Amino acid sequence: MEELETIRVQKLQQIRDLGFDAYPTHYRYTHTAGAVVEQYGARTAEELEAEPITVRVAGRIMASRPFGKAGFLGITDGGQKLQIYAKKDKLPEREFQLYQSLDLGDMIGCEGTLFRTRTGELTIQAKELSFLAKSFLPLPEKWHGLTDVEIRYRRRYVDLIVNPEVRDVFVKRSLIIREIRRFLDDAGYFEVETPVLHTIAGGALAKPFRTHHNALDMPLYLRIALELHLKRLIVGGLNRVYELGRIFRNEGISWKHNPEFTMLEFYQAYSNYEDLMDMTEELLRRVVTKVNGSLTITYDGQEIDFSKFTRLSMRGAIVKFCPEPVSEEELRDRAKVEGLLKKLHAEYDPKAPVGNLVGSLFDAVAEKHLVQPTFIFDHPIELSPLSKIKLSDPSLVERFELYIGGMEVANAYSELNDPVDQRGRFESQLQAKERGDEEAHAMDEDYIRALSYGMPPTAGEGIGIDRLTMLLTDSKSIRDVILFPLMRSED
RNA sequence: GGGCCGUUAGCUCAACUGGCAGAGCAACUGACUCUUAAUCAGUAGGUUCGCGGUUCGAUUCCGCGACGGCUCACCA
């Protein structure tokens, strides 16, 4: 709305004409709004009168209720609201004129003494008003606020100004990450950073983004996982490493998929996947308690209890949840598995080996039931080209995935460290690629070379930070836990 | 990618069966020295997402397109 902008440009000129700097470089505050409330929120009107407290605060004007020669301004600073009372006879003339030229959205500073209004609200009696910055665009309406999700995601800055719960989500996200770091650092882990630009996109089964380096005239991929570099570091003797980083997958967008997302991966030498199940329970209990205050959370209307984790084999889970009766033994029979998939109208690739079909059956039948924290272990070897084989059953690998709230949150395994076996697995992935599986893993000769120098027995795990944040903030869409989710361009 | 739904003032939403495009908040002018959805009086604000069609007349009906939401498929 050009007219409104014109008016506000004129108002900024008025403010300049009063002798204020339109864009001052700084404001020295003594308190954040949060500190004022925390330190003095309990003081009574009498206490504040007996012992006057002077504070200097800054913030954005979110409400204005003028009364001629006086008026109230509601400001917010760091998500905390605070009220300022500007009175003509308590302010220098020039600053009262400034007060009268202010608009909703403007940034101001204020020095004054604390008092309680008749209705009991802690308020600053302004003795000095400073102008800090102008808002030329109007804020959304004050009752309903901004609800259009498209505008909320595209203009997250406005969303953050007017929707305080959005700020809370990202504060929690930051807490989650901080607590994870603390946990791993305390456990003797070493944080590293590995390349985002890969010549071979490996470590997961997914379609990568392609890019190109001009000077080297070389095709590159954005990483789809952190895995292979971190294991190279295990070979190099960094026995406990982790990386918290952005990864990129050129696939569909949904309530639980954003093209770029944040993954924690950690690798621990001399351990296997069972050690990581124990460690994951401990890590999540600590994070949940820290962020949430208790071990029970509510997600999408359901109670989720982190005090007990269930452990179920993948075949066991299918047997348990499949509406058609089936035994674990029958799940080794391709015809039987295929029959079940058909009966359930589940989609699957008829050319794929039986292990993939078991995986499809699991997805169709079990995943949505896994609301309480559940480890699903012993995956088919075909789905896990980087995992160590299970000694007691060579069709399976030592792997688990953790499901919470019907979402896969973590994925871990005993790392395959036999270079000969690894080469064989890559080769069978190449065959899958031949069959048309675009997500099959590529051959990585340098990774095999690294394993050939000798890698200790190692367990590794990935945890999806976005999904964990969704659970702990009761967010129904991954876009609500990513500040700037990917959107189509506006024009 | 498929299906369903949506797009009207800065924001939140109306507008019956096709008949002058409206309200609240925000904005502007004025009154008001303890309000908190302040109140009172007045003013202004529109390419109804875009293009085309049907019609005397389209926000409304039809077609195409853009963007978004939900959902299914794929993936974590």
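These numbers come from a predicted model, not from an experiment.
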Review point. Counting any heavy atom closer than 4.0 Å, what does A:Lys88 reach on the DNA or RNA strands: base, sugar-phosphate only, or nothing?
Key: nothing

Study note, to complete from the structure: Any strand, both distances under 3.5 Å, Watson-Crick or G-U wobble: B:U54 pairs with none

Check your understanding: Under the 5.5 Å and 30° test, is A:Phe72 stacked on the base of B:U35?
Key -> yes

Review point. Nearest to the side chain of A:Ile151, which nucleotide is it out of B:U33, B:C34, B:C11?
Key: B:C11

Check your understanding: For atom C1', what is the distance between B:G18 and B:A58, given to the nearest Å?
Key -> 7 Å

Practice item. Report which part of the nucleic acid A:Tyr403 touches: base, sugar-phosphate, or nothing (heavy-atom distance under 4.0 Å, all strands). Key: nothing

Practice item. Taking atom C1' in both B:A23 and B:A14, compute the distance separating them and give it to the nearest angstrom. Key: 7 Å

Review point. Paired with B:A9 by Watson-Crick or G-U wobble geometry, both distances under 3.5 Å: which nucleotide is it?
Key: none

Check your understanding: Counting side-chain heavy atoms from C-beta on, which of B:C28, B:A76, B:C32 comes nearest to A:Phe67?
Key -> B:C32

Check your understanding: With respect to the phosphate group of B:U35, does any side-chain polar atom (N or O) of A:Thr117 fall under 4.0 Å of OP1 or OP2?
Key -> no

**Study point:** RNA chain B: 5'-proximal contact among A:Val409 and A:Ile253 (nearest heavy atom)
**Key:** A:Ile253

Review point. So what does A:Arg154 hit on the nucleic acid, given a heavy-atom distance under 4.0 Å: a base, only sugar-phosphate, or nothing?
Key: sugar-phosphate

Review point. Rounded to whole angstroms, how far apart are CD on A:Gln100 and C1' on B:U29?
Key: 14 Å

Check your understanding: Side-chain contact, heavy-atom cut-off 4.5 Å: A:Ile75 with A:Met62?
Key -> no

Review point. So, does the side chain of A:Gln83 form a donor-acceptor pair with the base of B:U35 at under 3.5 Å?
Key: yes

Revision key, fill the gap. Picking from B:C34, B:A76, B:U33, the nucleotide nearest the side-chain atoms of A:Arg118 would be B:C34

Review point. Rounded to the Å, how far apart are A:Glu141 CD and B:A27 C1'?
Key: 13 Å

Point to revise | Near-ring test A:Tyr242/A:Tyr267, centroid separation under 6.0 angstrom | key: no

Review point. Would you say B:C34 has OP1 or OP2 under 4.0 Å from some side-chain N or O of A:Arg116?
Key: no

Review point. Looking only at side-chain N and O atoms, does A:Arg65 come under 4.0 Å of OP1 or OP2 in B:A38?
Key: yes

Exercise for review: Would you kindly give the CD-to-P distance between A:Glu121 and B:A38, to the nearest whole Å?
Suggested key: 12 Å

Practice item. Answer with base, sugar-phosphate or nothing: what part of the nucleic acid does A:Lys256 contact at a heavy-atom distance below 4.0 Å? Key: base

Point to revise | Side chain of A:Tyr153 (C-beta onward), nearest among B:C74, B:C34, B:G69 | key: B:G69

Practice item. Taking only the side-chain nitrogens and oxygens of A:Arg488, find out if one of them lies under 4.0 Å from OP1 or OP2 of B:G68. Key: yes

Check your understanding: Reckon A:Asp363 touches a base, only the sugar-phosphate, or nothing at all at heavy-atom distances under 4.0 Å?
Key -> nothing

Check your understanding: Which is true for A:Gly462 with a 4.0 Å heavy-atom rule: it touches a base, it touches only sugar-phosphate, or it touches nothing?
Key -> nothing

Exercise for review: Can you tell me the pairing partner of B:U59 across any strand shown, Watson-Crick or G-U wobble, with both distances under 3.5 angstrom?
Suggested key: none

Check your understanding: Closest nucleotide of RNA chain B for A:Asn411 versus for A:Asp89: which of these residues is on the 5' side?
Key -> A:Asp89

Exercise for review: Take the protein atom CZ of A:Arg479 and the nucleotide atom C1' of B:G69, then report the distance between them rounded to whole Å.
Suggested key: 9 Å

Review point. Does A:Lys142 make a side-chain N or O approach to OP1 or OP2 of B:A26 shorter than 4.0 Å?
Key: yes

Check your understanding: Out of B:U33, B:C11, B:A76, which nucleotide sits closest to the side chain of A:Ala70?
Key -> B:U33

Review point. So what does A:Glu439 touch, heavy atoms closer than 4.0 Å: a base, only the sugar-phosphate, or nothing?
Key: sugar-phosphate

Review point. What integer number of Å spans the C1' atoms of B:A31 and B:G68?
Key: 45 Å

Practice item. Answer with yes or no whether the side chains of A:Thr262 and A:Arg173 bring together a donor and an acceptor at under 3.5 Å. Key: yes

Revision key, fill the gap. Using Watson-Crick geometry (N1-N3 plus N6-O4 or O6-N4) or G-U wobble (N1-O2, O6-N3), each under 3.5 Å, B:G1 is paired with B:C72

Check your understanding: B:A27 C1' sits how many Å from A:Ile61 CD1, rounded?
Key -> 15 Å

Point to revise | Pairwise P distance, B:C67 and B:A26 [rounded to whole Å] | key: 35 Å

Practice item. Would you please indicate if the ring centroids of A:His198 and A:Tyr221 are separated by under 6.0 Å? Key: no

Point to revise | Rounded interatomic separation in angstrom, taking CG from A:Leu104 and C1' from B:C28 | key: 14 Å

Practice item. Might you work through the salt bridge (Lys or Arg N to Asp or Glu O under 4.0 Å) test for A:Arg246 and A:Glu260, ending with a clear yes or no? Key: CA-CA 6 Å; A:Arg246 198 71 56 81; A:Glu260 52 179 308; 2.6 Å; yes

Point to revise | Protein-nucleotide distance (A:Lys11, atom NZ; B:A26, atom C1'), rounded to Å | key: 12 Å

Review point. What does A:Asp466 touch in the nucleic acid at a heavy-atom separation under 4.0 angstrom: a base, only the sugar-phosphate, or nothing?
Key: nothing

**Study point:** Pairwise P distance, B:C61 and B:G42 [rounded to whole Å]
**Key:** 37 Å

Review point. In the strands shown, is B:G18 matched to any nucleotide by a Watson-Crick or G-U wobble pair with both distances under 3.5 Å, and which?
Key: none

Exercise for review: Using modelled atom types only, decide if a donor and an acceptor are shared between the side chain of A:Gln80 and the backbone of A:Asp77 within a distance under 3.5 Å.
Suggested key: no

**Study point:** Nearest-Å distance once atom P is located in both B:G52 and B:U48
**Key:** 13 Å

Check your understanding: Which nucleotide, in any strand shown, forms a Watson-Crick or G-U wobble pair with B:A27, with both distances under 3.5 Å?
Key -> B:U43

Practice item. Could you measure between the two P atoms, the one in B:G19 and the one in B:U29, and give it in whole Å? Key: 38 Å

Review point. Does A:Tyr403 have its ring centroid less than 6.0 Å away from the ring centroid of A:Phe362?
Key: yes

Review point. Taking atom P in both B:G1 and B:G65, what distance in whole Å separates the two?
Key: 12 Å

Practice item. Find the distance A:Asp148:CG to B:U12:P and express it as a whole number of Å. Key: 6 Å

Point to revise | Sole residue of A:Lys127, A:Gln125, A:Lys90 in side chain to side chain donor-acceptor pair (under 3.5 Å) with A:Thr113 | key: A:Lys127

**Study point:** Any side-chain donor near an acceptor of the partner, A:Tyr413 and A:Glu461, under 3.5 Å
**Key:** no

Review point. Quick one: is A:Arg467 getting a side-chain N or O under 4.0 Å of the B:A76 phosphate, OP1 or OP2?
Key: no

Check your understanding: Reckon A:Leu139 touches a base, only the sugar-phosphate, or nothing at all at heavy-atom distances under 4.0 Å?
Key -> nothing

**Study point:** Mate of B:G65 where both pairing distances stay under 3.5 Å, Watson-Crick or G-U
**Key:** B:C49

Check your understanding: Do A:Phe131 and A:Phe20 make the cut of ring centroids closer than 6.0 angstrom?
Key -> no

